[in-house]
2 protein chains.
Amino acid sequence: MPEAITQSIQDYLKHIYELNENGGSASTNDLAARLNIAPASVTGMLQKLANAKPALVIYKKHQGVKLTKSGEKAALEVIRHHRLLETFLVNTLGYTWDEVHCEADKLEHVISEDFEARMAEALGHPTRDPHGEPIPTADLTMPADSSCPLASLRTDETATVRKVVDDDPALLRHLREIGVIPDAKITVKNYSAFDGNLTIKVEGQRSNIVLGSAITNHVYVEK
Amino acid sequence: MPEAITQSIQDYLKHIYELNENGGSASTNDLAARLNIAPASVTGMLQKLANAKPALVIYKKHQGVKLTKSGEKAALEVIRHHRLLETFLVNTLGYTWDEVHCEADKLEHVISEDFEARMAEALGHPTRDPHGEPIPTADLTMPADSSCPLASLRTDETATVRKVVDDDPALLRHLREIGVIPDAKITVKNYSAFDGNLTIKVEGQRSNIVLGSAITNHVYVEK
DNA sequence: AAAATTATTTAGGTTTGACTAAATTACATT
DNA sequence: AATGTAATTTAGTCAAACCTAAATAATTTT
Ligand SMILES: [Mn+2]
Ligand SMILES: [Mn+2]
Ligand SMILES: [Mn+2]
Ligand SMILES: [Mn+2]
């Protein structure tokens, strides 16, 4: 009998998925930092996840973990819930994109598959959440996303904003104010090699904006 | 510092509230039955709730418990969440009244006060849930409800259905089919002293219906 | 290559909220 | 008043998921 996938486990798997996304394996300390849990506790849980039947992660001492197929499915299930919920909160209850994260983080573990299906239906089966993150499909495959960090663009390049990968409400509010939101068309006016600052023009906005790399590394665009 | 009100505790308080409603105190065994927990475990929790600061229940050995003011506020908080959620699920996501209970039972512990407020706003501050149960107000007072069991009516009496106090999906579907839903106008055509059966006519429905006391004790009406 | 630093694991412990089995109390009946 | 039954409590366990402190392994610096 497959072990129960508790809320705690769902959180581990979700964060492992995100740490795995850029190819590497998820380290004990990175996970501990993201989950706000002591590293020793993470080790214990990783061993448990690796010994579960079916195994949810591949674990070798001192080498971090990667999700197995089972683990990935479970992770995508949670991520789908999270992103659909964020979309639902914005579209149906008038939340702004900086307010949805906490709420979705709690609800994602609790809603039924029926609730998920009804939300998806009511929202017209959206493919991206309010931050532009792709929403895994109902059969749990993650849509391809070919966007790249805004920070990688150079002078005169033009692109469309796809997603913002940061949950900080203050940053999200700021980005909304200056029009840097999914689907915004932007042009790079200047790149400063010293500090990495980008001067950009957002289509429909009055003046140019200068963004530091702390921001441009978290905004993804498609050329 | 007030003790944390966990999901478990919220469930205890909610059920104690309901058992207290008809005046009496909530017995260990009744609670155990409702919560699907061994009586011994309930005793342990009741002692904990009584020793909490502030105390959430009044407990004396072998005499069951009653909620304190603090306990009642916490209970009403959960009940408000539950009933608003049920209403939201029906009005916004197309659930039927027999489908909402389980979902609301999980979500009630997890939504924020902000979510609660937005739901109430979106629904136009409803005063009753889909089953006709009164929804505690935002400041946590339970609206008065003067309805009485349908079972207490006799031949020729007329009344309006107010609420159905039963979660059994099959029963709820059946009642909907025969038109016994909140606001339905009914007239008692016959009362059988032997088995307690009531023959009733539901306004707008073709034929009379005979209901046993297992049903009429769970349907509340207002004369 | 050794030392120092950082990352990770092991060992032992706590809290929450359950459980079972046995003991006790309360209540009903004779 | 004594006995039998039902309700409740006590006592002792357990599992999940966290913790801290100490030990070990890996990595970086000297
Ligand atoms: Mn799902
Ligand atoms: Mn998001
Ligand atoms: Mn509330
Ligand atoms: Mn209800």
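Chain identifiers are assigned alphabetically (A, B, ...) following the order of the sequence lines, protein sequences preceding nucleic acid strands; residue numbering begins at 1 within each chain. Predicted model, so just to flag it, every value in this text is computed and none were measured.
- Under a 4.0 Å N-O distance rule, the pair R34(A)/E18(A) qualifies as a salt bridge.
- Between T6(B) and dG17(C), a side-chain N or O to OP1/OP2 separation shorter than 4.0 Å is present.
- The nearest whole Å value for the distance from the NZ atom in K60(A) to the P atom in dA26(D) is 13 Å.
- Of the possible donor and acceptor atoms, one in the side chain of H131(B) sits under 3.5 Å from a partner among the backbone N and O of W97(B).
- For the pair K61(B) and dA7(D), the criterion of a side-chain N or O lying under 4.0 Å from OP1 or OP2 is not met.
- Taking 4.0 angstrom as the limit, N29(B) places a side-chain polar atom (N or O) nearer than this to OP1 or OP2 of dT8(D).
- For S27(B) and H62(A), each mapped to the nucleotide of DNA chain D holding its nearest heavy atom, the one lying further toward the 5' end belongs to S27(B).
- Atom pair I9(A):CD1 and dA17(D):C1' shows a separation of 10 Å (rounding to whole Å applied).
- Dashed line: the shortest gap from a side-chain N or O of S41(A) to OP1 or OP2 of dA17(D) is not under 4.0 Å.
- Regarding L31(A), its CG atom lies at a distance of 15 Å from the C1' atom of dC18(D), rounded to whole Å.
- Taking atom CD1 of I37(A) as the reference point, atom P of dT9(C) lies 15 Å away to the nearest angstrom.
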TODO: Using the salt bridge (charged side-chain N to carboxylate O under 4.0 Å, His left out) rule, take R118(B) and D114(B) through it: C-alpha gap first, then chi angles, then the decisive distance, then the call.
DONE: CA-CA 6 Å; R118(B) 285 175 192 267; D114(B) 186 27; 3.3 Å; yes
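- For the pair G71(A) and L13(A), the tightest heavy-atom approach, listed with the atom from each and the gap, is O-CD1, 4.2 Å.
- OP1 or OP2 of dT8(D) has not a single side-chain nitrogen or oxygen of Y59(B) nearer than 4.0 Å.
- Residue Y12(A) is tested with V65(A), I5(A), T6(A), L35(A) for a side chain to side chain contact (heavy atoms under 4.5 Å, CB included); the sole match is L35(A).
- The distance between atom CD of Q63(A) and atom P of dA25(D), rounded to the nearest whole Å, is 14 Å.
- Residue contacts for T43(B): at a heavy-atom cut-off of 4.0 Å it reaches a base atom on one of the strands shown.
- In this structure, L35(A) places its CG atom 14 Å from P of dT8(C), rounding to the nearest Å.
- Taking 4.0 angstrom as the limit, S8(A) places a side-chain polar atom (N or O) nearer than this to OP1 or OP2 of dC18(D).
- An OP1 or OP2 oxygen of dT9(C) is reached within less than 4.0 angstrom by a side-chain nitrogen or oxygen of T28(A).
- Between Y12(A) and dC18(D) there is a side-chain N or O to OP1 or OP2 distance below 4.0 Å.
- The side chain of K48(B) places no N or O atom within less than 4.0 Å of a non-bridging phosphate oxygen (OP1 or OP2) of dT16(C).
- Here Q47(B) reaches the OP1 or OP2 of dT10(D): one of its side-chain N or O atoms lies under 4.0 Å away.
- Per the geometry, CE belonging to M45(A) stands 17 Å off C1' belonging to dT10(C), to the nearest Å.
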